[in-house]
Amino acid sequence: MTLQLYDSLRRSVVPVEPLTPGQLGLYVCGPTVYGPIHVGNARPFVLAMTLARHLRRTGWQVRVVSNLTDINDKIYTAAVAEGIESEALAARESARYIADTTRLGLGRPDLEPKVTDSLPVIIAMIEQLIAAGHAYAADGDVYFSVADFPSYGTLSGQKIDEMQPEEITSKKSAPLDFALWKATKPGEDAAWESPWGLGRPGWHIECSAMAMTALGEEIDIHGGGIDLKFPHHENERAQSEALTGRTFSRIWLHNGMLRFGGDKMSKSLGNIDRLADALDREGPETLLSLFARAQYRSSVDYSPDSLEDARRSNDRLREALRRAARTSGGALAAGGGPLAEAAAEVDSRFCAALDDDFATPEALAALFDLVRQMNAAIDVGDADPADVAQARSVLIECLYVLGLDGLAATTEGPPADALALLQERENARLERNFERADALRDELLALGWIVQDLPGGPELAPA
RNA sequence: GGCGACGUGGCCGAGAGGCUAGGCAGCGGCCUGCAAAGCCGUCUACACCAGUUCGAUUCUGGUCGUCGCCUCCA
């Protein structure tokens, strides 16, 4: 099965044709660091990192680049509101973003460039755009001339003549033109020298600059939230292709939004749950499972119920892994048995599903199929420990792709006092003193252990 | 108003022109003193109306509805 992804520009699932065979460069629009990110902001990050894991596991060489936008109107505004330097605010929020997303346990992109480190490239690009006649300077600002780029609007499906732009309040000469460079304004405490005077880059040029610097003039995959399609990606595409005459991105990969209380989770609507808070409450696996339950292009309902569903399906995985670990003992994974064969089949279904536009729900379904088979084999009791170990290790490998391998974390065995209580309960049961036995079971539950009376005797499972 | 995506069973969520998705919840059974875990079985489906077809939930058209975007936005 060849890798296919949905390209927003072509509006269909297309085969991925890398610039260099076997290699893929992926650029994902990162956050503007003016405040803590919310759960929805994590989706493109999760998509990029998990997609990269799948690709690497299936033999691709992948380079993930994700920027931090540390120059922006909102940063100035937030800094003024706090009475601190905008640079300090951006630095603080950058660190916070890194810390929050690191907690997801998916590692870091290969490169995370900042706008403040990219000014020379940005300025050079703007100069070239002006020289080529695609942009014009106007009293300290520089604008991209949209009329000059014929295919403007094809990415987002917007028709130029049907757009209803706000009236011209700035120095641009056509309503749809967008800023490549903005002259500094009073109250802005960070500005850079440029041929057009002191100022700062516009919102879109930075991504073109950083993407091209890291991955070249043509990149394989450019990702981000669907809400960035217009104007951000439309503008990025216009200025980049006007500059190079080449396809900027071969595939535009857009993730759907998180719904929270019926609307898109959005800072401007105020219906947000901070990623850090969600991680505190739910832990990374629940959030990653919630994301994996939906295909990346679908919107996801973020609600107590959907989180509960995610938690429970993780419970099932965790329990299966625990039972398998218990059954396999210290056996080394070794192929050959029927369970190992089943696992291999599930693995290829898993990979095929992910190769097909990263269909995580289908991939997950394959995994649950393996879980069922593992449980059934363990129940029957004649499973070869090495076979179970093999299936378990395949399951963990697959879960790793989705960031869910933590579900296999070897929990500490029950402590001696819990085991003593379990023995006491067993004695009570043998004496048919069930009142006493049930009281001890409650006591164990309070200690965080659930009693399971399995055919082979009682066991303690973490609550 | 324009553009785009989508409407699947109690909830979430895949999918294919006729052949079991999966998870959670429910019900029945096995196991259990009971429970838990697990297994087996099982009920609620494809928004509506036409059309194409031997046959459509899957294709086409329309209707209704939902969501996103239309220069803050992951």
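Note on naming: letters A, B, ... go to the chains in the order of the sequence lines (proteins, then strands), and numbering restarts at 1 for each one. Nothing here was measured: the structure is a model prediction, and the numbers come from that model.
Aromatic ring centres of A:H233 and A:H254: separated by under 6.0 Å. For A:F248 and A:H222, the ring centers are positioned less than 6.0 Å apart.
Looking at the side chain of A:R43, the nearest of the listed nucleotides B:C69, B:A74, B:G22 is B:A74. When the nucleotides B:C72, B:C24, B:A74 are ranked by their closest atom to the side chain of A:N41, B:A74 comes out on top. Taking every side-chain heavy atom of A:I226 into account, B:G68 is the closest of B:G68, B:G4, B:C72.
Atom CG of A:D220 is separated from atom CG of A:L26 by 9.0 Å, given to the nearest 0.5 angstrom.
A:F144 pairs by the ring pair (Phe, Tyr, Trp, His ring centres under 6.0 Å) definition with A:F178, not counting sequence neighbours. For A:R281, the salt bridge (charged side-chain N to carboxylate O under 4.0 Å, His left out) partners at least two apart in sequence or on another chain are A:D273. Residues passing the side chain to side chain donor-acceptor pair (under 3.5 Å) test with A:D347, sequence neighbours excluded: A:R57.
At a cut-off of 3.5 angstrom, the base of B:G23 holds at least one donor-acceptor pair with the side chain of A:D309.
Heavy-atom nearest nucleotides on RNA chain B were determined for A:V39 and for A:G157, and the one closer to the 5' end corresponds to A:G157.
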Checklist entry - Quick one: what's the B/S/- string for nucleotides 29-40 of chain B, heavy-atom cutoff under 4.0 Å, read 5' to 3'? => result ----BBBBBBSS
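Note on A:G256: a base of the nucleic acid sits closer than 4.0 angstrom, heavy atoms only. Among the protein residues, A:G224 comes within range of the sugar-phosphate backbone only, with heavy atoms under 4.0 Å from sugar or phosphate atoms but none that close to a base. In this structure, A:H254 reaches neither bases nor backbone, as no heavy-atom distance under 4.0 Å exists between it and the strands shown. A:L258 comes within 4.0 angstrom of a nucleotide base, judged by non-hydrogen atoms across all strands. Backbone-only contact: A:S156 has heavy atoms under 4.0 Å from sugar-phosphate atoms and none from a base.
Taking the ring centre of A:Y400 as origin, the terminal cationic atom of A:R53 falls inside the region bounded by 6.0 Å and 45° from the ring axis. Judged by the 6.0 Å and 45° rule, A:K267 forms a cation-pi pair with A:Y34.
One can place CG of A:D227 at 10 Å from P of B:G68, the figure rounded to the nearest angstrom.
With the 3.5 Å cutoff on both pairing distances, Watson-Crick and G-U pairs in RNA chain B assemble into runs of at least 3 at B:1-7 with B:64-70, B:10-12 with B:22-24, B:26-30 with B:38-42, B:47-51 with B:59-63.
For A:E345, the CD atom sits in a loose shell: 12 or fewer heavy atoms of surrounding residues, nucleotides or ligands are nearer than 6.0 Å.
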Checklist entry - Could you go step by step and tell me if A:Q4 and A:V14 meet the side-chain contact (heavy atoms from CB on, under 4.5 Å) rule? => result CA-CA 5 Å; A:Q4 303 188 95; A:V14 299; over 6 Å; no
With 3.5 Å as the limit, what N/O pairs link the protein to nucleotides 13-17 of chain B?
from, atom 1, to, atom 2, distance (Å)
B:A14, OP1, A:Q295, N, 3.3
B:A14, OP1, A:S298, OG, 3.1

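The side chain of A:K264 places an N or O atom within less than 4.0 Å of a non-bridging phosphate oxygen (OP1 or OP2) of B:C69.
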